Amino acid sequence: YCTAGHTGPLCEVCVADSHYFSSAEGHCVACPSTVRSVGLFLVFVTIIVVLAAAYVAHRHLPFSHRLRKRAARIESAVGLQPKFKIVVSFYQVSSAFGVVYGIRLDKHFTRWLDVLELFSLDLVDVAIPGSCIGTMDTRLLFAGLWPYAAAALVSLAIVAWAALSRCLEGESPFPALLRAFDRKLLGSLLYWAIFVFYLVLPSVSRSIFNAKLCESFGYDDATGQRISYLLADPSRKCNSGPTWDDQTSELEPYFWAFFALWPVLVPLGFLALLLRARKPVAAQRATP
């Protein structure tokens, strides 16, 4: 039997909607306040916006040309970008072992990887407990759409800074906004969209496939009947039985829509960009 306030097959479902089960605490605890949850989301987006604005703004500083040349020489000698991608990709793959393959890595191995959680940009469960966001369909909507909102805000920040820079040079606001959309600006927008999607793709895909991951338990030894529960939301049953119905069928439209949007279309978009830049890549030179 479960202790008071707990239910579900493993007693990890909280009776109160305002609570979530904490693996670290081993019991249900109160959800963070709405202000804190919204604040965490804004912090994530603000960090990305500030980085993007700084990336665009440093080009207009009087000493930026010299710093860029020095940074380019250091990057060329050390190769920071490939090393950064290797480290982040290694973390993204290792963090998916438990969910995809059911492998539990030793804590002495994973402890030093915890510092890389920032690069997963996983707002669901890492920053905000999933059960505190709402029902499973609400979690899927949030997980699948927030990166697009973040990319849109970053794009707006870059465009606003470019237009403001032209206004400071004496141009009128509307013509400055139109003239801001040059080839260099579009390249900056594409760069940051790729950066955001590259970081969030594994965590968002993992959140999407949570709508399909179930675990079964014995229900009737005499008949061999089993009952399955959704791992991400153990209050939902995954199969039909004598006294219960399948409660995951309503998640099918969300799953297939976001499956097409993320695990399919985003990698295809990356592939299309690689094919478009295949000649500069083969020649080992930077694209325009």
Side-chain angles (χ1 to χ4, degrees), residues 1-46 95-100 102 104 107 110-111 113-114 117-118 120-147 149-150 200 202-219 226-241 243-255 258:
Y1 294 93
C2 300
T3 58
H6 298 70
T7 185
L10 299 176
C11 300
E12 295 182 354
V13 178
C14 301
V15 175
D17 293 337
S18 59
H19 287 63
Y20 74 98
F21 184 82
S22 172
S23 300
E25 300 287 341
H27 60 84
C28 291
V29 297
C31 289
S33 64
T34 304
V35 174
R36 179 178 179 273
S37 300
V38 173
L40 283 173
F41 174 75
L42 293 178
V43 167
F44 267 77
V45 175
T46 301
S95 64
F97 278 165
V99 177
V100 178
R104 189 183 295 261
K107 63 180 181 180
T110 58
R111 187 181 302 160
L113 290 174
D114 292 342
E117 281 191 359
L118 175 64
S120 69
L121 294 183
D122 188 3
L123 285 182
V124 181
D125 290 330
V126 173
I128 305 172
S131 55
C132 295
I133 296 176
T135 58
M136 193 62 194
D137 48 354
T138 303
R139 296 184 220 174
L140 289 173
L141 284 171
F142 180 80
L145 295 179
W146 84 260
V200 304
S203 61
V204 172
S205 299
R206 187 164 59 246
S207 298
I208 293 170
F209 280 101
N210 281 342
K212 288 291 186 179
L213 295 176
C214 301
E215 185 174 359
S216 65
F217 299 86
Y219 178 78
R226 301 184 67 83
I227 182 171
S228 297
Y229 292 90
L230 194 66
L231 285 176
D233 185 3
S235 63
R236 289 179 180 265
K237 300 174 181 66
C238 298
N239 64 337
S240 300
T243 59
W244 68 87
D245 297 320
D246 185 352
Q247 297 173 313
T248 59
S249 57
E250 62 189 51
L251 301 176
E252 291 287 324
Y254 298 97
F255 171 79
F258 287 120

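These values consider heavy atoms only, across backbone and side chains, with no hydrogens, waters or symmetry-generated copies. Quick caveat: nothing in here was measured; it's all calculated off a predicted structure.
- With hydrogens and angles ignored, the 3.5 Å screen pairs a side-chain donor or acceptor of Asn239 with a backbone N or O of Arg226.
- Counting all heavy atoms, side chain and backbone alike, Ser207 lies closest to Leu140 at O-CD2, 3.5 Å.
- With hydrogens and angles ignored, the 3.5 Å screen pairs no side-chain donor or acceptor of Ser205 with any backbone N or O of Pro202.
- Of the inter-residue distances, the one linking Glu215 atom CD with Cys238 atom SG reads 10.0 Å to the nearest 0.5 angstrom.
- With rounding to the nearest 0.5 Å, the separation of CD1 in Ile227 from NZ in Lys237 is 5.0 Å.
- Here the straight-line distance linking atom CD of Gln247 with atom OG of Ser240 works out to 9.5 Å at 0.5 Å rounding.
- One finds the CG atom of Leu145 at 4.0 Å from the CZ atom of Phe258 (value rounded to the nearest 0.5 Å).
- In terms of heavy-atom proximity, Pro234 sits nearest to Val13 at CB-CG2, 3.5 Å.
- Across Tyr20 and Cys132, no two heavy atoms sit closer than the pair CD2-SG, 3.5 Å.
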Using the rule given for side chain to side chain contact (heavy atoms under 4.5 Å, CB included), can you reason through Val200 versus Trp146, listing the C-alpha separation, both sets of side-chain angles and the distance that settles it, and then say yes or no? CA-CA 10 Å; Val200 304; Trp146 84 260; 4.1 Å; yes
Verify side chain to side chain contact (heavy atoms under 4.5 Å, CB included) between Leu230 and Met136, making sure each step is shown before the conclusion. CA-CA 10 Å; Leu230 194 66; Met136 193 62 194; 4.0 Å; yes
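- Rounding to the nearest 0.5 Å places CZ of Phe21 at 8.5 Å from CG of Leu10.
- Checking each of Leu251, Asn210, Ile133 against Arg139 for a side chain to side chain contact (heavy atoms under 4.5 Å, CB included) leaves exactly one that passes, namely Ile133.
- Ring centroids of Trp244 and Tyr219 are separated by less than 6.0 Å, placing the two rings close together.
- Considering SG of Cys214 and CG of Leu231, their distance stands at 7.0 Å, rounded to 0.5 Å.
- Within a 6.0 Å sphere centred on CG of Asp246, other residues, nucleotides and ligands contribute more than 12 heavy atoms.
- Between Arg236 and Glu250 a salt bridge is recorded (basic side-chain N to carboxylate O distance below 4.0 Å).
- Panel note: side chain His6, backbone Cys28; a donor-acceptor pair is recorded below 3.5 Å.
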